[in-house]
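Just follow the structure's listing: the first ligand is 1, and inside any ligand the first atom is 1. Sequence positions, counted from 1, serve as the residue numbers for this chain.
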Amino acid sequence: MDNRANLMDTTGQNVTATPESDDPAAGMPQGGILCVVGARPNFMKMAPILRALESRGHGVPVTLVHTGQHYGSDMQDAFFTQLGMPVPDIDLGVGSGSHATQTAEIMARFEPVIDSACPRAVLVVGDVNSTLACALVAVKKNIPVAHVEAGLRSRDRSMPEEINRLLTDQISDLHFTTERGARDNLRAEGIADEGIHFVGNVMIDTLRHHQRHAIPTGQTLQHYGVDEVEAITATGYALVTMHRPSNVDDPAVLENLLGTLERASERLPLVFPVHPRTRSALEASRMPEARRYPIALLPPVGYLEALGLMSGARIVLTDSGGMQEETTALGIPCLTLRHNTERPITIDEGTNILTGNDRDRILDALDDTLATGGKAGRIPEFWDGHAGDRIAEVLCALYAQDAPAERSTAI
Ligand code: UD1
């Protein structure tokens, strides 16, 4: 279980702190805000909040805790470096495991951090196991929880993330939302209006902040030793990602999707960075073979590489939550290989189309997009690069209040 992260700084030095005390929060400020990250999509969400808190925090002490749910150079280091994230103050080094083991381990390791740091609030983002685990520890110790990306619902309780979203929102005091419909979802679950703040989308803060540094596709393909760089960039390509358990854990479903990708490669080249979960599943499956155009399989890529691959694509095929939003912000057509989405604004206003994992639906939507250039979208309200500032403003205003924190109303 202990896959302790080895964070590198930009010079390649290992900068993971060596604990000199059994107290995981030794030397950390007391009474501040504990900000939690755990998995890849959390890093992009937390980076702009940390930046905003630093620039307008007026001395609000902030401690960054990394649970270590994702680890290693592909899934973690590249993101911390490229996003300019500070090295975490505390790294719980939890690593992989079943849902129960991973969640329990995060909780057990986070509890002494809370005991020692006595934070005024715990800030969690997104919907991964680390989000729920840390929120649950905090609420049971009467520490207010603030949840960024609250109120998103797929209504599909077979998704681990939907369970994480529902439960985290129920035990949070502050709910920061990315789209207006999220408030209705929260209200319907009995959550009071006072703690709900529509702030916009922190993923898009990160996208706008780093857009001009996106790494061009040709450079990424060359870096990973892909032979057909010219053929891929000249024709234009589809970017493919998938890692949802519902798509990759069942061999029959995965086989069908791989067959669909083979057929898609009759239309255009594919670039497919493969998530570790998917790689394990692919090892037991038949790798897709290119029909007319190449299929470039890459390892998981960093944030700036992913941004370049998305920006340069003719279309994106994905089951990621974040990429549905990023393609909407970039105006790139997106086919979501799921039957539902917790981010309906990307369909109502953005460039996203739900295809599920049905081969004909995916290929029809692909053909239609390639023929027409795809669905025109617009940028949703408050996806403007300033969501982190709005969150920091709320947190700092509440922090500045003299009254002691009262649960369910404020921090
Ligand atoms: C997790 C999130 C998912 C998010 C995704 C982004 C949950 C329930 N799921 O899914 O919402 O979209 O991250 O990546 O929290 N592995 C590695 N290296 C790593 C991490 C994982 O090799 O750094 C492998 C391990 O074999 C592990 C498997 O990937 O068992 C799954 O990892 P896990 O964190 O459990 O879930 P993800 O599928 O990554």
Starting from [atom], find the nearest protein heavy-atom neighbour and note its residue, name and distance.
atom                    : answer
atom 2 (C) of ligand 1  : Val128 CG1, 3.7 Å
atom 6 (C) of ligand 1  : Pro41 CD, 3.5 Å
atom 26 (O) of ligand 1 : Ser96 OG, 4.4 Å
atom 8 (C) of ligand 1  : Asn129 OD1, 3.3 Å
atom 23 (O) of ligand 1 : Tyr71 N, 2.9 Å
atom 22 (O) of ligand 1 : Pro276 CB, 3.2 Å
atom 37 (P) of ligand 1 : His275 CE1, 3.8 Å

Would you tell me which option among Glu161, Arg165, His243 has the nearest heavy-atom contact to atom 11 (O) of ligand 1?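 Result: the heavy atom closest to atom 11 (O) of ligand 1 is in Glu161.
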Pick, from Met323, Arg277, Arg279, Gln76, the option with the minimum heavy-atom distance to atom 28 (C) of ligand 1. Arg277
Candidates Asp205, Val62, Val148 - the one meeting side chain to side chain contact (heavy atoms under 4.5 Å, CB included) with Ile49: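 Only one option passes, and that is Val148.
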Does the side chain of [X] come under 3.5 Å of the side chain of [Y] through a donor N or O and an acceptor N or O?
X      : Y      : answer
Thr235 : Tyr293 : no
Arg155 : Asn185 : yes
Thr318 : Gln324 : no
Thr206 : Tyr303 : no

Do any N/O atoms on His70 end up under 3.5 angstrom from N/O atoms on ligand 1?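 Right, the criterion is met.
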Are any of the N/O atoms in Ser280 less than 3.5 Å from those in ligand 1?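 So ligand 1 has no N or O lying under 3.5 Å from an N or O of Ser280.
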Are any of the side-chain heavy atoms of Ile90 and His66 separated by less than 4.5 Å? no
Mind checking whether Thr67 and Val37 have side chains closer than 4.5 Å, heavy atoms only? no
Go through ligand 1 atom by atom and flag the ones less than 4.0 Å from a non-hydrogen atom of His99.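 Once the distances to His99 are compared, the set is 8 (C).
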Counting from 1 in the order shown, the ligand 1 atoms closer than 4.0 Å to a non-hydrogen atom of Arg244 are 11 (O), 12 (O)
Does the distance from a Lys or Arg side-chain N to an Asp or Glu carboxylate O, for Glu189 and Arg165, drop under 4.0 Å? no
Is the positively charged end of Arg120 above the ring of Tyr399, judged by distance under 6.0 angstrom from the centroid and angle within 45° of the axis?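 That pair qualifies as a cation-pi contact.
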